[in-house]
Enquirer: 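Next up is a structure, given as structure tokens.
Along the sequence shown, the residues carry numbers beginning at 1.
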Amino acid sequence: MSTTVNVFDPRIYAQGIPHETYRLLRDHHPVRWQEEHEVGDWPAGPGFWAVTRHADVVRVLRSPSEFSSWLGATQIRDPDPADLSFIRRMMLNLDPPDHGRLRRIVSGVFTPRRVERFAAGIATRARLLIDEIAERGECDLPVDVTDDYPIHNLADLLGIPLTDRGQILEWTNRVIGYQDPDHATVERGPDGRPVNPRSPAMLKDMFEYAHALAARKRREPADDLMTALATAEVDGQRLTDPELSMFFFLLVIAGNDTVRSALPGGLVALLGHPGQHRRLLDDPELLDTAVEEMLRWHPPVLSFRRTAVRDVVLAEQPIAAGEKVVVFHGAANFDERRFPDPMRFDIARRPNDHVSFGDGPHVCLGARFARLQLRTFYRELLWRLPDMRLAGPPERLVSNFIGGVKHLPLRYTPAPRLGAA
């Protein structure tokens, strides 16, 4: 293959997963050095090792003693050194044993039973949101429906008041969409360089809100996740205020945008395969495996970064201590070595050990909640509007991190409202 490879540029992913490039890398250079060039307002970086085979991706994600989340955090671009100690407070950016302590506290309150208590409300919300577009015969699914759906589900789970929920979308677009011209608001520091949207300065309003919400939940406890997090103890330890704020950030951004991206992306995959769409309509029992295939086909998170703890060899490639290592979920999910006929969209595929929710100690804590939302929404949508079809190409987010879908025009035979029954 060419000596030049580019799986870094966020503009590539506005066209979808670069399958041909990923296949060439998997076949010939499964761990390949990637230049980190300047993009728009964002300066060049030192480069990184791109990891594309499923087995190697899993090894990186399962081996924090070799590949650290803490050393350089988990985004491709290096954080400002002055911000690194702040960013390391987030559970996502910790290694064992510190990660395990936070995970135990959070897992103790983010339980399957707590999540399932919201199932009926999630179904009602899906039904009412679909009511808003059912009679029209056409819609832009993200704008009209799916941007709101996970925000309100997450807000219910956390106990965020209805009047404050619009702020979640603003925060998410600021942090996740900073590479996309439609969402980017570039602020510059005194040196003229753009300020990282995850820096303390850019997140000040979110953390102030988290502090105020936690204090309110301690004064006026309720049956919600934020009350549980603000008051939970494991081995006599509570989350500190900075830890609680960073977990609020993680839930609000990742908990919202994962579902927000997966819902329309999965539908693009399904509607792009009419035979599989009809198969699912004829056999609703296939919904669970269909959701997993949609997640494999459209991973909501495209990449995660680690940093080599020491000199290590991965897929026969020497990697030096301190070098960045970036795993690409969309490449791993289509690895022929793991998935028979990976370019075949098969709603009954078993096994289907995609890495769309990660792997290892950092496997997505909210995966159960995400899957509940996905299954519920598709159940309400697909059989109610069975002839739904694409009315134009999707418009995807410019991002090498999140596989977002900004616009998805659809047409279908109008259907009556159902209401909240």
Enquirer: Would you say that more than 12 heavy atoms from the other residues, nucleotides or ligands in this model lie under 6.0 Å from the CD of Glu285, or not?
Expert: no
Enquirer: So for atom CZ, which belongs to Arg379, do other residues, nucleotides or ligands contribute more than 12 heavy atoms lying within a distance under 6.0 Å?
Expert: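 Enclosed.
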Enquirer: Mind listing the closest non-hydrogen atom pair of Leu410 and Met388 along with its distance?
Expert: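 Scanning both residues completely, I find the closest heavy atoms to be CD1-SD, 3.6 Å.
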Enquirer: Tell me which one of Arg349, Arg371, Arg350 satisfies side chain to side chain donor-acceptor pair (under 3.5 Å) with Glu292.
Expert: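 Output: one option passes, namely Arg371.
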Enquirer: With a cut-off of 6.0 Å (strictly less than), are more than 12 heavy atoms of other residues, nucleotides or ligands near CZ of Arg368?
Expert: no
Enquirer: Does a side chain donor of either Thr74 or Asn93 reach within less than 3.5 Å of an acceptor in the other side chain?
Expert: yes
Enquirer: Please check this pair: side chain of Thr124 against backbone of Ala120, looking for a donor-acceptor N/O pair closer than 3.5 Å.
Expert: yes
Enquirer: Considering residues at least two apart in sequence or located in another chain, which fulfil the ring-ring contact (aromatic ring centres under 6.0 Å, His included) criterion with Phe339?
Expert: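 If we apply the ring-ring contact (aromatic ring centres under 6.0 Å, His included) test to Phe339, skipping adjacent residues, the hits are His54.
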Enquirer: If every non-hydrogen atom of Gly330 is compared with every non-hydrogen atom of Ile17, which pair is closest and at what distance?
Expert: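 Heavy atoms of Gly330 and Ile17 come nearest at CA-CD1, 4.2 Å.
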Enquirer: Is Leu267 close to Leu263 at the side-chain level, that is, under 4.5 Å between some pair of heavy atoms?
Expert: no
Enquirer: Please confirm whether the backbone N or O of Pro150 pairs with a side-chain atom of Asn256, one donor and one acceptor, at under 3.5 Å?
Expert: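 Not a single qualifying donor-acceptor pair exists.
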Enquirer: Is there a donor-acceptor pair under 3.5 Å between the side chain of His298 and the backbone N or O of Gly403?
Expert: yes
Enquirer: Between Arg114 (side chain) and Val109 (backbone), is there a donor-acceptor pair under 3.5 Å?
Expert: yes
Enquirer: Is the backbone N or O of Arg260 less than 3.5 Å from a side-chain atom of Asp257, with the two atoms forming a donor-acceptor pair by type?
Expert: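 No: the side chain of Asp257 does not pair with the backbone of Arg260.
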Enquirer: Step by step, work out the side-chain hydrogen bond (donor to acceptor under 3.5 Å, both in side chains) result for Asp98 and Trp70.
Expert: CA-CA 10 Å; Asp98 295 326; Trp70 181 83; 5.8 Å; no
Enquirer: Between Ser63 and Ser65, is there a donor-acceptor pair closer than 3.5 Å when you use the side chain of the first and the backbone of the second?
Expert: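 No, because the side chain of Ser63 does not come within donor-acceptor range (under 3.5 Å) of the backbone of Ser65.
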Enquirer: Applying side chain to side chain contact (heavy atoms under 4.5 Å, CB included), can you list everything that pairs with Thr307, at least two apart in sequence or on another chain?
Expert: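 Side chain to side chain contact (heavy atoms under 4.5 Å, CB included) list for Thr307, sorted by chain: Leu71, Arg305.
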Enquirer: Are a donor atom and an acceptor atom from the side chains of Asn333 and Ser356 found within less than 3.5 Å of each other?
Expert: yes
Enquirer: Among residues two or more places apart or on two chains, list those pairs meeting salt bridge (charged side-chain N to carboxylate O under 4.0 Å, His left out) that have a residue in residues 44-61.
Expert: Arg59-Glu66
Enquirer: Which label fits Tyr22 and Phe328: parallel for a plane angle under 30°, tilted from 30 to 60°, or perpendicular past 60°?
Expert: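 Answer is tilted, since the angle falls between 30° and 60°.
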Enquirer: Please check if the side chain of Asp131 supplies one atom and the backbone of Gly419 the other of a donor-acceptor pair under 3.5 Å.
Expert: yes
Enquirer: Decide side chain to side chain contact (heavy atoms under 4.5 Å, CB included) for Glu243 and Leu102; before the verdict, give the C-alpha distance in whole Å, the side-chain angles of both, and the deciding distance to 0.1 Å.
Expert: CA-CA 8 Å; Glu243 289 169 344; Leu102 284 188; 3.6 Å; yes
Enquirer: Run the ring-ring contact (aromatic ring centres under 6.0 Å, His included) test against Phe249 and tell me which residues pass, sequence neighbours left out.
Expert: none
Enquirer: Quick check against the 3.5 Å criterion: does Asn400 have a side-chain atom that pairs as donor or acceptor with the backbone of Phe8?
Expert: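 At least one qualifying donor-acceptor pair exists.
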Enquirer: Which residues pass the ring-ring contact (aromatic ring centres under 6.0 Å, His included) test with His99, not counting sequence neighbours?
Expert: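 His99 satisfies ring-ring contact (aromatic ring centres under 6.0 Å, His included) with His362 once adjacent residues are dropped.
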Enquirer: Any heavy-atom pair between the side chains of Asp223 and Arg117 that's under 4.5 Å?
Expert: yes
Enquirer: Which of parallel (below 30°), tilted (30 to 60°) and perpendicular (above 60°) describes Phe248 and Tyr209?
Expert: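 Plane angle between 30° and 60°, so tilted.
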Enquirer: Does one side chain, of Trp49 or Gln317, offer a donor that lies under 3.5 Å from an acceptor on the other?
Expert: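 Per modelled atom types, Trp49 and Gln317 side chains form no pair under 3.5 Å.
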Enquirer: Does Phe86 have its ring centroid less than 6.0 Å away from the ring centroid of Phe207?
Expert: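 Yes, the ring centres sit under 6.0 Å apart.
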Enquirer: Please give me the minimum heavy-atom distance between Asn352 and Glu293, naming the atom from each residue.
Expert: ND2-OE1, 3.1 Å
Enquirer: Classify the ring geometry between His273 and Phe345 as parallel (under 30°), tilted (30 to 60°) or perpendicular (over 60°).
Expert: parallel
Enquirer: Taking the cut-offs as 6.0 angstrom to the six-membered ring centre and 45 degrees off its axis, would you call Arg296 and Phe334 a cation-pi pair?
Expert: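 Verdict for Phe334: a cation-pi partner in Arg296.
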Enquirer: So, Asn6 side chain and Asp9 main chain: donor-acceptor pair closer than 3.5 Å or not?
Expert: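 Confirmed, Asn6 side chain pairs with Asp9 backbone.
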Enquirer: Where is the tightest heavy-atom contact between Leu94 and Ser69, given as atom of each residue plus distance?
Expert: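 That would be O-CB, 3.8 Å.
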Enquirer: Using the test ring-ring contact (aromatic ring centres under 6.0 Å, His included), find all partners of Phe401 that sit at least two apart in sequence or belong to another chain.
Expert: Phe304
Enquirer: Strictly distance-based, threshold 3.5 Å: is any side-chain N or O of Asn153 a donor or acceptor partner for the main-chain N or O of Ile122?
Expert: no
